[in-house]
Every structure is written in C-alpha cells, then in structure tokens.
Amino acid sequence: MKQMEQNNFWKNRRIPFSKTEEEAWEELQMRMEQSKLGSVKVISMRPIYAAAAAVAVLLGAYFFFNQSVDSITIATNNGDYKEVTLPDGSSAKLAPGSTLSFAEEWDANRLVVLKGQAFFEVKKGSNFKVHTEIGDVSVLGTSFDVNTNEGFKVFCKTGKVLVESAGQTTVLTPGLQSKLSAENKLETTSRIANENQWIDGKLSFENESLEAVLNEIERFYNVDINCKVTEGKLYTGQFSLNNLEEALTLVCAPFGLEYKIENGMKINIQ
C-alpha cells in the first residue's frame with residue numbers, strides 16, 4: 001500500500017533528461033567553450049535562471065575542462081514536483097522551489113549542481129557528486145536526500161554517503177542524517193520516521209522552529225503565509241501534503257493559533 005501511494009504521488013512527474021516539455025519544465029541551455037587554458041566562455045543564459053547558472057559557471061572547469069558541452073537546468077516552482085532521469089539512468093526527484101543542473105552527457109565524472117532539495121537514487125558506477133553552495137555529497141551507488149532550504153541536511157536511505165561541508169567530512173549509513181548546525185558543525189543523528197518524507201507525500205518534523213515549518217508549507221503548497229508569532233515556538237509532528245487545511249490545523253493547534261485562508265493563496269495566522 002505504501003509503495004502504491006508513493007507511485008500515485010509521482011505519477012506523470014517523470015521527465016527524461018534529454019526531453020523538453022514546456023508545460024513541465026524549462027530547460028536552460030548553456031554552452032561553454034575553452035578559448036585558452038583556464039578560461040571559459042558562456043555563450044547563452046536566460047536571466048530568469050541567472051543565480052543557478054552562476055553556480056554552474058563557477059564549476060565549469062570541473063564539469064567540462066578541455067571540451068565543449070551542453071548542460072541542462074531543471075527548476076521547480078513552489079508547489080511543483082518533478083522527477084528527472086539523469087544521463088546514467090540514475091534519478092532525481094526535485095522538491096518544490098529547487099533547481100538541478102548537470103551536463104547533457106557524462107563520462108567518468110557524474111556531477112550535478114543542486115539548489116533546494118532533491119532525493120537521489122544513484123546507479124552504481126564511478127563517483128557521483130552533488131554540489132551545493134554549502135556542501136558536497138559523494139556516493140558510488142545509493143539513495144539519499146539533500147536539502148539546502150533550511151541550512152544543509154543530508155539523509156542516507158540506502159548505501160553510504162560521504163558528506164563534506166565547512167571543512168568537515170562524515171560518512172552516513174542508512175537511517176542517519178547529517179546537519180550543519182548554526183555553529184558550522186556537521187552533526188549526525190538518527191532520523192525519526194524517515195519513511196514519512198516528502199517523496200511519499202508527507203512531511204515530518206522534530207523540534208523544528210515554527211517559522212521553518214511554515215516556510216516548508218509555503219514551498220510545498222505554493223501559498224503565502226503571514227504569521228508574526230513564531231519566535232520561540234518549536235514544532236514536532238507530521239502531516240500529509242495532500243490537504244492544506246489539515247496541515248495548517250495540525251501545525252497551528254498545538255500553539256493555540258488560528259488560521260484564515262484568503263483567495264486560496266494567502267494565509268493569515270494569529
């Protein structure tokens with residue numbers, strides 16, 4: 001039953017890496033050519049993806065040194081999910097408000113650039129690296145979740161994951177999560193209720209700030225929340241991503257807060 005629910009949640013969200021579908025996602029086409037040693041020229045770039053493209057440009061030599069290649073950038077809006085098949089057959093499930101960039105063709109280096117959150121299922125092979133502005137994740141063949149929306153979190157579902165951030169490294173095995181603390185320390189813990197995550201259409205939190213929880217609701221439901229009473233409040237609980245009012249009730253009730261939905265997109269909490 002659990003697998004059936006997950007399959008239904010991701011139905012019609014899979015996107016082959018080499019196929020462009022205007023209704024599903026916009027492709028950023030970026031061609032880089034080496035004009036002399038150590039220099040890279042950007043041929044084209046859409047302004048709407050300038051921030052994400054800048055990250056890819058900085059990693060241009062890492063991606064494409066001594067060759068000309070095409071890269072693909074896939075982005076999700078708030079409330080939007082996409083599943084992407086990568087060049088080697090591995091898959092990435094993008095959470096709302098995320099951007100993923102990778103070379104159209106891979107050789108020995110399997111590298112993707114992520115901003116936001118994605119769940120990866122990696123086929124065995126050469127080193128596979130997920131680069132973010134905060135830290136890197138390297139594997140050979142495994143499944144794991146990377147989230148840069150509220151700091152830097154990495155959860156290992158299967159296999160082993162090498163996490164690098166702030167000059168520190170740690171190895172995660174199934175069921176472990178690494179989180180970069182406010183003091184820039186990589187902290188490793190066992191993740192509670194790890195099966196109830198966004199890839200299954202649910203969110204779960206443990207002692208998470210109310211502000212962070214409401215930010216996640218905004219991202220996953222594509223709504224705008226106004227709440228000025230979040231300070232000092234920590235939330236522990238879980239809810240489905242299929243019912244906005246149920247999620248708001250489960251989050252607001254423990255704090256004695258009430259919510260009002262206006263025009264389906266704006267929510268006031270007090």
Side-chain angles (χ1 to χ4, degrees), residues 6 10 13-19 25 27-28 30 32 52-53 55-67 69-76 81-95 98-149 152-180 186 188 191 194 197-199:
Q6 182 174 347
W10 285 97
R13 291 189 171 102
R14 181 179 296 273
I15 302 175
F17 82 95
S18 60
K19 182 179 181 181
W25 55 277
E27 176 181 333
L28 171 65
M30 181 173 62
M32 308 178 71
V55 178
V57 171
L58 290 175
L59 289 174
Y62 199 102
F63 261 125
F64 316 121
F65 197 70
N66 286 330
Q67 59 180 328
V69 299
D70 290 329
S71 70
I72 293 175
T73 294
I74 299 171
T76 56
Y81 305 81
K82 290 167 186 171
E83 183 170 6
V84 184
T85 300
L86 299 172
D88 67 337
S90 299
S91 67
K93 296 177 179 178
L94 270 66
S98 303
T99 302
L100 187 71
S101 300
F102 53 91
E104 185 173 338
E105 296 182 1
W106 282 349
D107 46 26
N109 294 318
R110 301 187 292 172
L111 174 65
V112 299
V113 179
L114 173 68
K115 182 178 181 181
Q117 183 176 16
F119 180 82
F120 296 89
E121 292 184 283
V122 179
K123 287 193 172 184
K124 291 184 178 180
S126 58
N127 186 58
F128 184 104
K129 175 172 282 190
V130 179
H131 175 80
T132 77
E133 294 178 335
I134 306 174
D136 296 338
V137 183
S138 300
V139 300
L140 294 178
T142 183
S143 59
F144 57 99
D145 186 87
V146 182
N147 188 352
T148 66
N149 287 297
F152 181 59
K153 299 178 184 177
V154 180
F155 169 66
C156 178
K157 184 176 181 180
T158 62
K160 289 184 179 181
V161 173
L162 173 65
V163 181
E164 304 173 76
S165 183
Q168 305 161 75
T169 62
T170 187
V171 176
L172 302 181
T173 53
L176 294 182
Q177 173 179 272
S178 182
K179 179 180 179 180
L180 190 64
L186 273 180
T188 300
R191 185 154 166 182
N194 59 71
Q197 296 303 305
W198 66 273
I199 58 172

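Quantities reported herein were computed from a predicted structural model and do not represent experimental measurements.
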Practice problem: Mind checking the CG-SG spacing from Leu162 to Cys156? Nearest 0.5 Å is all I need. | Solution: 11.0 Å
Quiz item: If you round to the nearest 0.5 Å, how far is OG1 of Thr132 from CD of Glu164?
Solution: 11.0 Å
Practice problem: Would you check, one step at a time, whether the test side-chain contact (heavy atoms from CB on, under 4.5 Å) holds for Thr188 with Val163? | Solution: CA-CA 10 Å; Thr188 300; Val163 181; over 6 Å; no
Quiz item: Counting N and O atoms only, with roles assigned by atom type, does the side chain of Ser165 sit under 3.5 Å from a partner on the main chain of Ile134, one being a donor and the other an acceptor?
Solution: yes
Quiz prompt | Side-chain (Lys82) to main-chain (Ala75) donor-acceptor, under 3.5 angstrom | solution = yes
Practice problem: Would you check if the side chain of Ser98 reaches a backbone N or O of Thr76 as a donor-acceptor pair within less than 3.5 Å? | Solution: no
Self-check item: Sidechain-backbone polar pair: Gln117 side chain, Ala95 backbone, donor-acceptor under 3.5 Å
Solution: no
Exercise. Please name all residues satisfying side-chain hydrogen bond (donor to acceptor under 3.5 Å, both in side chains) with Ser143, sequence neighbours left out, ordered by chain then number.
Key: Thr158
Exercise. Take the angle between the ring planes of Tyr81 and Trp198 and call it parallel below 30°, perpendicular above 60°, tilted in between.
Key: parallel
Self-check item: Chi angles and distances behind the side-chain contact (heavy atoms from CB on, under 4.5 Å) call for Phe152, Val146
Solution: CA-CA 8 Å; Phe152 181 59; Val146 182; 4.2 Å; yes
Quiz prompt | Approximate separation, where rounding is to 0.5 Å, of Leu140 CG and Lys123 NZ | solution = 15.5 Å
Quiz item: Going from NZ on Lys157 to CD1 on Ile199, what distance comes out if it is rounded to the nearest 0.5 angstrom?
Solution: 4.5 Å
Self-check item: Non-hydrogen atoms of Pro87 and Ala103 that approach each other most closely
Solution: CG-O, 3.5 Å
Quiz prompt | Rounded distance [0.5 Å steps], CG in Leu86 versus CH2 in Trp106 | solution = 4.5 Å
Exercise. Over all heavy atoms of both residues, which pair between Val84 and Leu94 is shortest? Give the atoms and the distance, please.
Key: CG2-CD1, 4.3 Å
Exercise. Say whether, by atom type as modelled, one donor and one acceptor occur between the side chain of Thr148 and the main chain of Gly116 under 3.5 angstrom.
Key: yes
Exercise. State, to 0.1 Å, how close Glu83 and Lys93 come at their nearest heavy-atom pair, and which atoms those are.
Key: OE2-CE, 3.5 Å
Quiz item: Which pair of non-hydrogen atoms, one from Ser138 and one from Lys129, has the smallest distance, and what is that distance?
Solution: OG-CE, 3.3 Å
Exercise. Take Phe102 and Ile74 through the test side-chain contact (heavy atoms from CB on, under 4.5 Å) and record every step on the way to the result.
Key: CA-CA 9 Å; Phe102 53 91; Ile74 299 171; 4.1 Å; yes
Quiz item: Mind checking what makes salt bridge (Lys or Arg N to Asp or Glu O under 4.0 Å) contact with Lys153, not counting sequence neighbours?
Solution: Glu208
Practice problem: Would you please classify the geometry between the Phe144 ring and the Phe120 ring as parallel, tilted or perpendicular, with 30° and 60° separating the classes? | Solution: parallel
